[in-house]
Amino acid sequence: MQDLAAAAADHGVQPLLRADGLTKRFGALTACDHIRFEIQPGEVHALLGENGAGKSTLVKMLYGALEPDEGQIVWNGQPVRIGSPAEARRLGIGMVFQHFSLFEALSVAENIALALPHLPRRTLADTISRVSKSYGLPLDPRSTVADLSVGERQRVEIVRCLLQEPRLIIMDEPTSVLTPQEVDLLFVTLRRLSSEGVAILYITHRLSEVLALANHATILRRGKVVETADPAQETAGSLARMMVGSEVLGIERPPAVTGTRKPRLVLSNLSLSAEGQFGTPLSGIDLTVNAGEVVGIAGVAGNGQQEFFDAVSGERTAATDQAILIDGVQVGRRGVNARRKLGAAFVPEERMGHGAVSNFRLSENVILTRHATDNEVARGGFLHRRIARDVEERVGERYDVRRSTADPKAGSLSGGNLQKFVVGREIDRSPGVLVVSQPTWGVDAGAARTIRSALVDLARGGAAVLVISQDLDEIFEIADRIAVLSEGRLSTLYPAESLTMERIGLLMGGIHGEQAGEDAPAALKDSSHAS
Amino acid sequence: MSVLSPVIAIVMTLILGAVLFTALGVNPAQALYVYFVEPVTQLWSLEELVVKAAPLALIAIGLALCYRANVWNIGAEGQFTAGAIFGSAIPILLPDWDSWMVLPLMLILGVIGGMLYAAIPAILKNRFGANEILTSLMLSYIALLVLDWLVRGPWRDPGSFNFPQSVTFSDAATLPLLVSDGRLHVGVLFAVLAALIAAIRLSFSVQGFAIEVAGNAPRAARFSGFSQKRITLSVFLISGGLAGLAGICEVSGVLNQLRPEISPGYGFAAIIVAFLGRLNPLAILLAALLLALSYIGGEGAQAELAVSSTVTRLFQGFLLLMILGCDTLIAYKIRLVTSRSHASGEAARG
């Protein structure tokens, strides 16, 4: 760190922001431990780390949402106390959140006016058009947010941030919801901002993005800065080693069983109405998942994934019985437990409140998906909690679910641990058909590897595994065949080897016509994102 | 801490009560003694305590099931009344029928009456998404007015000198007493039985589990294969049935006839009982005794201190307010927010 500061002094440049020993403790856990780093004006600074490394906590302190226990923030050479996000914005620090904070029923201009009440209302729409166009983020101020794609929603957030004329923009995993093409467009904008002297603090765990974009990287592990790196001198592998602290292994994926291919899950002409006002209806979906293979469904969130999962799991039933076959049995109009009885198992995207009840103990969460199918857990309408506890113990050990006490409440587990439990709970049933949505969402690299290997092993053991995921790297890592869900329609299935990132990206975003079309080819050319 | 919440609430209610009595010009120590101690010093009033606690407990057990499932049945008063009307049809329309079958039939009719009446808000909610708080509450007033009309009109005792009341029930239609004299009727046993069954089923049955899941996470309930609508209907039916049973027991065991006023607000006071008992069926038995105490103490205070009977309701209101307040303040922290920092609330999500 010293040499960095010295280098800055040499050039006579004052760092825009300096974090000086920032520390934040939550009970016994030190989320951030004497963090030091600097951001120069116009720099793209990557903050890299696994889940739970302390990235979000650090950023919340910089944005005034959390108060540090120790240490200080130096802004333009002046020590400052940032008591609230409003103060951060006054200083010139803007933030684009990972999950959007937009009102779907309001227009783009209304959403921006809500967050920035001091801007003149009359000229706001024009300002939005002008600013958004000049940064290559075209937006129609009058369009309703609900009608926008996820990439466009992110533009709204970015434009809202730009209108405050920030000198530092913090972006929390901005690409996690974008297609590869949208990522390239975003990078063009970020480089342009950086050339204008705006500093960007870019939080991610995607190494390729760091290599493509950042001038500097600070790597966090368990709340500490373990390394600062110049991405130009590094490779994805060396960054990964710094981030995890050891070699990251890929998972072993034996080839899919060929020869007799027994279809275990068949969808034919499956349609379903949209859930809620802003859902996406499914139309005419055909899909066959065979024994022994993993099928990946790629696609950007909000293209009908929720409806697709609900339809396959039976949480919402289809119009006809023939629409869904599990091992040859027609189940289209039968509920989730009828399907479980045929050997199917399901893991929804949302762990808390859907896949598990946070107020319930883990053993009670075992009962949640087994009360109708497991004669030992529930017989004659009565529960056998001791047996549920045995299952909890078994799943916990097998999938390395770290628990503070015996049989804790689901809510006390970290996201990654709970995800291991929720996936393990279903695999423990030895299902013939497993449908998983976002299996490693918000899970650290080690846990993700455990989960992905378990899914592949299950398939190679003769089960049909269907994975719905937004993470293309994940899909390529585990899927034998891939289809893309876009606007409620499913593409044909392609063998994984025959697809590239680019091709998938076009399938993901291709149907959705947007103004981005003209910029896209240019953006693609200077892209270094595609792996 | 949340276990202590009812205790804190009771202490705060007593303090507020003392302030209230001081304001009314009554010696607070004496008043609190009359309210909360005197009733437990005599045998007859202890017996009366149990008689009044029984309907409160029966109703509150049903309400606890509803509230655990996140279904807000506020209309127990109406379901209580409907049960009383249904069950009373036999002794009023067939006053000369003398058979061992009369009483069981009355009880069954009472349960059915309560269930049917509770089914209305449940069906309205399931079919049309109507808010059950509003519908069940409004239906209460309809039931009370129907009762009023019946005892002034078609069901009025011709020999009552125009008093709005029905004929007095025959012996065959009267709940037997537990002890040879006094008012302790067998309906009290129903409350204890209901508490035991509810406690066991909540902890060990799949249906009890379904109620807990539905109340905690509706999405997870759907994922678990439980139908939200079925749960809504079933908890309404159970609580309506229990309230109806309480209604017919009150009429058959205590009043022995229908009158315009058969309940001193049991259906509403039971909401307080349910929360004071932490929605736990066994603890509800104790909570019901405490609320019954406030009724009897109130009668005593009217006679001895000449304070208005509305003071009892005030007390009950204080108690509910304090419990809900304690629960909220134990779980949440108060932070004053000015309009300026409010605009930055978006960041609090992170």
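A, B, ... follow the sequence lines: proteins, then strands. Residue 1 opens every chain. Both backbone and side-chain heavy atoms feed into the values below; hydrogens, waters and symmetry mates do not.
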### Message
Would you say that B:Arg222 contacts A:Asp310 through its side chain, given a criterion of any heavy-atom pair below 4.5 Å between the two side chains?
### Response
yes

### Message
Which one wins on heavy-atom pair count under 4.5 Å against chain A: B:Ala220, B:Ala221, B:Gly225?
### Response
B:Ala220

### Task
Counting only heavy atoms closer than 4.5 Å, note whether A:Ala378 contacts chain B via side chain, backbone, both or neither.
side chain

## Note on the structure
So NE2 of A:His354 and OG of B:Ser224: to nearest 0.5 Å the spacing works out to 10.5 Å

### Query
Considering only heavy atoms, which portion of A:Ile367 lies under 4.5 Å from any heavy atom of chain B: side chain, backbone, both, or neither?
both

### Query
At a heavy-atom separation under 4.5 Å, does A:Phe360 approach chain B through its side chain, its backbone, both, or neither?
side chain

### Query
Do the numbers put A:Arg340 on top of the ring of B:Phe223, so that NZ or CZ is under 6.0 Å from the six-membered ring centre and no more than 45° off the axis?
yes

### Query
Looking at A:His371 versus B:Phe226, is the centre-to-centre ring distance below 6.0 Å?
yes

### Task
Check each atom of A:Glu364 against the heavy atoms of chain B and say whether the ones under 4.5 Å are side chain, backbone, both or neither.
both

### Query
Atom CZ of B:Arg201 and atom CZ of A:Phe382: how far apart are they, to the nearest 0.5 Å?
4.5 Å

### Message
If I compare all heavy atoms of B:Ala217 with all of A:Gly353, which pair ends up nearest, and what's the gap?
### Response
CB-O, 3.7 Å

### Interatomic spacing from CD in B:Gln207 to CG in A:Leu383 - rounded to 0.5 Å
9.5 Å

### Message
Take a 6.0 Å sphere around CE of B:Met12 and say whether it holds more than 12 heavy atoms from other residues, nucleotides or ligands.
### Response
no

